[in-house]
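The block underneath contains the structure these notes are about, expressed in structure tokens.
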Amino acid sequence: MFGIPGKQAVTITPKAAEQIARLMDTGGHAGLRIGIKKGGCAGMEYTMDYVDQPETNDEVVEQDGARIMIAPMAQMFLFGTEIDYEVSLLESGFKFRNPNVVDACGCGESIKFDEKLSSQS
């Protein structure tokens, strides 16, 4: 929908692809849908939900056995994002390296986009 022909909307690191594929296999799901919702101290938050089939306007990205669907309203916010999976002593989880984010809260769970990008949605 908002992509560049021949270029995936997001990239998935090998660790993230492995984790997404594992989650798909464990739950028998077709993939994960990634979106954006209002909330958090910086204004927006990422969402991830299991899905059994893509919706009509979802952008589908497949890599190394992993499949993610990007919700239509999130596509312009996520374009160019790298999705990684990190494990540390205190936590593990998906990390979004998003060039469209202009600010984030201290915990990293809430993000803010450029006002120009936000006004286009």
Side-chain angles (χ1 to χ4, degrees):
M1 194 169 188
F2 290 98
I4 296 173
K7 181 173 168 72
Q8 291 193 133
V10 299
T11 57
I12 307 168
T13 65
K15 286 183 181 179
E18 181 181 325
Q19 182 64 18
I20 292 168
R22 185 177 309 129
L23 290 170
M24 289 168 53
D25 287 344
T26 301
H29 301 287
L32 295 175
R33 179 174 291 116
I34 299 174
I36 301 284
K37 70 175 183 174
K38 291 184 180 187
C41 52
M44 303 286 271
E45 297 175 326
Y46 295 110
T47 63
M48 293 184 88
D49 299 298
Y50 293 111
V51 292
D52 293 323
Q53 63 183 11
E55 292 184 6
T56 305
N57 293 316
D58 282 352
E59 177 78 21
V60 179
V61 177
E62 296 183 85
Q63 185 177 320
D64 301 325
R67 183 180 306 111
I68 60 169
M69 291 76 159
I70 304 171
M73 293 302 293
Q75 291 172 14
M76 71 178 161
F77 294 106
L78 293 173
F79 192 78
T81 298
E82 177 187 70
I83 301 171
D84 195 8
Y85 188 78
E86 296 179 354
V87 177
S88 72
L89 290 173
L90 298 176
E91 65 181 358
S92 63
F94 291 100
K95 302 294 180 187
F96 292 77
R97 293 185 187 91
N98 187 334
N100 305 306
V101 170
V102 295
D103 196 13
C105 68
C107 67
E109 297 294 323
S110 180
I111 51 178
K112 181 179 180 183
F113 296 99
D114 186 303
E115 295 297 325
K116 292 176 189 171
L117 187 61
S118 295
S119 66
Q120 294 177 11
S121 62

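All figures in this text were calculated on a predicted structure; none of them were measured in a lab.
Hydrophobic clustering, defined by side-chain heavy atoms of Ile, Leu, Val, Met, Phe, Trp and Tyr closer than 4.5 Å, groups V51 together with V60, M69.
Under the 4.5 Å side-chain criterion, counting only non-hydrogen atoms from C-beta, T81 is not in contact with I34. With a 4.5 Å cut-off on side-chain heavy atoms, M48 and F96 count as touching. Residues Y46 and I36 meet the side-chain proximity criterion, which asks for heavy atoms closer than 4.5 Å.
Taking CG of D49 as the reference point, atom NE2 of H29 lies at 10.5 Å (rounded to 0.5 Å).
Here the closest non-hydrogen pair linking A21 and A66 is N-CB, 4.2 Å. Contact detail for P99 and G80: the closest heavy-atom pair is CD-O, 3.4 Å. When all heavy atoms are compared, the tightest approach of M24 to G31 is CG-CA, 3.7 Å. Between Q75 and N57, the shortest heavy-atom contact is NE2-O, 2.9 Å.
When each of I20, T13, D84 is tested with F94 by the rule side chain to side chain contact (heavy atoms under 4.5 Å, CB included), just one qualifies, namely I20.
At least one donor-acceptor pair closer than 3.5 Å links the side chain of R67 to the backbone N or O of A30. Remark: side-chain polar atoms of Q63 are paired, donor with acceptor, to backbone N or O of I12 under 3.5 angstrom. The closest donor-acceptor contact from the side chain of T47 to the backbone of G35 lies under 3.5 Å.
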